[in-house]
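Worksheet: one structure, shown below.
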Amino acid sequence: MSNHPRRYYGSNDLHFITCSCYHRQSWLASPQRRDLFLAVFEEVRQRYRFVVVGYVAMPDHIHLLISEPEKGDPSRVMQAIKQGFSRRVLKSLRKRRVAAQQELFAAGSEHVWQRRFYDFNVRTARKRIEKLRYMHGNPVVRGLVQEPEQWPWSSYRSYAFGEEGAVRINQWGEAKMKISKQAA
């Protein structure tokens with residue numbers, strides 16, 4: 001029997017996904033890195049055609065609430081997000097190192113993300129709201145801001161003020177997905 005968590009795809013549930021940076025390092029600590037993450041996330045959303053219901057990018061982890069993609073599955077989506085962000089960040093770091101430092105770092109030794117991610121199937125409106133509240137409250141609980149609207153790297157402002165952020169939220173018309181009536 002495998003030690004890997006069992007994934008449940010194909011039932012048109014929403015997926016609440018949590019992914020941590022490698023050893024909880026703060027790869028998303030700077031505003032520029034969080035902006036880069038959101039840009040990659042939006043590119044992947046468009047490429048795999050899924051609906052983003054909510055998200056938050058924290059300094060050392062992310063939470064996403066997404067539909068099943070039209071192309072691939074949530075595992076494929078996470079692979080694309082993690083690889084896209086990692087490649088850009090590591091390329092930038094390598095450019096800044098002086099030649100004498102390059103030999104100190106083995107090629108491919110840097111890790112940005114933990115290998116696995118946590119995926120919870122969201123089947124009811126009540127659970128969807130619970131997960132959105134959890135995500136949007138995360139920066140407050142962690143002491144990064146006093147109010148959720150002060151953290152621009154989440155979907156909170158889209159819900160509270162109707163603002164369009166770096167990642168498009170609830171674009172159900174664009175995706176040809178069906179969502180179960182329980183999760184809507």
Side-chain angles (χ1 to χ4, degrees), residues 12-21 26-82 84-85 88-89 113 117-184:
N12 293 319
D13 294 335
L14 294 177
H15 294 268
F16 177 69
I17 294 172
T18 300
C19 185
S20 296
C21 294
S26 296
W27 282 98
L28 297 162
S30 73
Q32 296 81 10
R33 291 262 181 90
R34 289 189 295 271
D35 289 343
L36 173 62
F37 171 78
L38 295 183
V40 169
F41 185 31
E42 175 62 14
E43 289 170 12
V44 173
R45 181 195 71 80
Q46 291 176 28
R47 186 177 337 132
Y48 287 89
R49 295 193 298 272
F50 58 90
V51 175
V52 176
V53 178
Y55 66 88
V56 65
M58 300 291 289
D60 61 356
H61 69 283
I62 58 169
H63 295 293
L64 312 176
L65 184 57
I66 65 172
S67 72
E68 292 198 5
E70 192 174 319
K71 294 169 61 175
D73 58 38
S75 290
R76 191 68 63 203
V77 165
M78 289 307 297
Q79 179 184 29
I81 290 170
K82 290 163 68 173
F85 178 79
R88 292 182 197 180
V89 167
W113 301 104
F117 63 91
Y118 173 76
D119 182 1
F120 178 86
N121 289 53
V122 175
R123 295 185 171 101
T124 66
R126 184 172 152 207
K127 191 56 79 171
R128 176 178 45 85
I129 292 166
E130 173 190 312
K131 296 302 184 187
L132 283 168
R133 286 181 177 154
Y134 175 81
M135 284 190 291
H136 295 154
N138 211 268
V140 177
V141 170
R142 294 282 296 276
L144 300 170
V145 293
Q146 292 191 353
E147 300 293 332
E149 61 265 21
Q150 296 171 321
W151 191 255
W153 301 281
S154 85
S155 53
Y156 180 84
R157 295 186 68 84
S158 178
Y159 283 96
F161 308 115
E163 294 178 5
E164 190 171 312
V167 178
R168 296 187 67 192
I169 303 297
N170 291 320
Q171 300 297 312
W172 293 102
E174 291 180 4
K176 296 177 184 174
M177 295 296 304
K178 294 179 185 172
I179 183 163
S180 66
K181 290 181 177 145
Q182 292 176 331

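Here the structure is a predicted model, which means the values were calculated and not measured. All values below were derived from every heavy atom in this structure, side-chain atoms included, with hydrogens, water molecules and symmetry-related copies excluded.
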In this structure, CG of Leu36 is separated from CD of Gln32 (nearest 0.5 Å) by 10.0 Å
- request: Taking the side chain as every heavy atom from C-beta outward, state whether Val44 and Val77 have any pair of such atoms under 4.5 Å apart.
  value: yes
Output for pair (Asp13 CG, Thr124 OG1), nearest 0.5 Å, gives 10.0 Å
- [ ] Measure the acute angle between the ring planes of Phe37 and Phe41, then classify it against the limits of 30° and 60° as parallel, tilted or perpendicular.
- [x] parallel
Report task. Apply side chain to side chain contact (heavy atoms under 4.5 Å, CB included) to the pair Asn121 and His15, showing each step before the final yes or no. Result -> CA-CA 5 Å; Asn121 289 53; His15 294 268; 3.6 Å; yes
### Query
Quick one: does Val140's side chain get under 4.5 Å of Gln146's, heavy atoms only?
no
On a heavy-atom basis, the closest approach of Arg168 and Glu42 is N-OE1, 3.1 Å
message = Is it the case that the side chain of Ser155 and the backbone of Tyr55 share a donor-acceptor pair, with hydrogens and angles ignored and the cut-off at 3.5 Å?
response = yes
Between Met78 and Cys19 the two heavy atoms that sit nearest each other are CE-CB, 3.9 Å
Subject >> Asp60 and Arg142 ion-paired at < 4.0 Å >> reply: yes
Counting only N and O atoms by type, is there a donor-acceptor contact under 3.5 Å from the side chain of Trp27 to the main-chain atoms of Ser20?
no
Here the gap from Ser158 atom OG to Asn170 atom CG, rounded to the nearest 0.5 Å, amounts to 6.5 Å
Heavy-atom nearest pair, Val56 first then Pro139, reads CG2-CG, 3.9 Å
For Leu65 and Leu14, the nearest pair of non-hydrogen atoms, with its separation, is CD1-CB, 4.0 Å
>> What I'd like to find out is whether the side chain of Pro74 reaches to under 4.5 Å of the side chain of Pro69, using heavy atoms alone.
In response: yes
Would you find a donor on one side and an acceptor on the other, under 3.5 Å apart, between the side chain of Gln171 and the backbone of Ile169? yes
Do Asp35 and Trp153 touch side chain to side chain, with heavy atoms closer than 4.5 Å?
-> yes
Distance col, row Lys131:NZ vs Arg126:CZ, nearest 0.5 angstrom, shows 12.0 Å
- Query: In terms of ring plane angle, is the pair His63 and His61 parallel, tilted or perpendicular, where the classes change at 30° and 60°?
  - Reply: perpendicular
Checklist entry - Taking the side chain as C-beta and beyond, is there a heavy-atom pair between Ile17 and Asp119 under 4.5 Å? => result yes
- Heavy atoms, side chains only, cut-off 4.5 Å: are Arg45 and Phe50 in contact? yes
Checklist entry - Is any side-chain heavy atom of Asn138 closer than 4.5 Å to a side-chain heavy atom of Tyr156? => result no
Could you please spell out the steps behind the side chain to side chain contact (heavy atoms under 4.5 Å, CB included) verdict for Arg33 and Phe85?
CA-CA 9 Å; Arg33 291 262 181 90; Phe85 178 79; 4.1 Å; yes
Taking every heavy atom of Pro59 against every heavy atom of Arg34, the minimum-distance pair comes out as CG-NH1, 4.4 Å
Note to self: Can you confirm whether Lys127 sits close enough to Phe120 that some side-chain heavy atom of one is under 4.5 Å from a side-chain heavy atom of the other?
What the structure shows: yes
CD1 of Ile62 to OG of Ser154, rounded to nearest 0.5 Å, is 13.5 Å
In short, Leu28 meets Met58 closest at the heavy-atom pair CB-O, 3.1 Å
Strictly distance-based, threshold 3.5 Å: is any side-chain N or O of Arg157 a donor or acceptor partner for the main-chain N or O of Gly162?
no
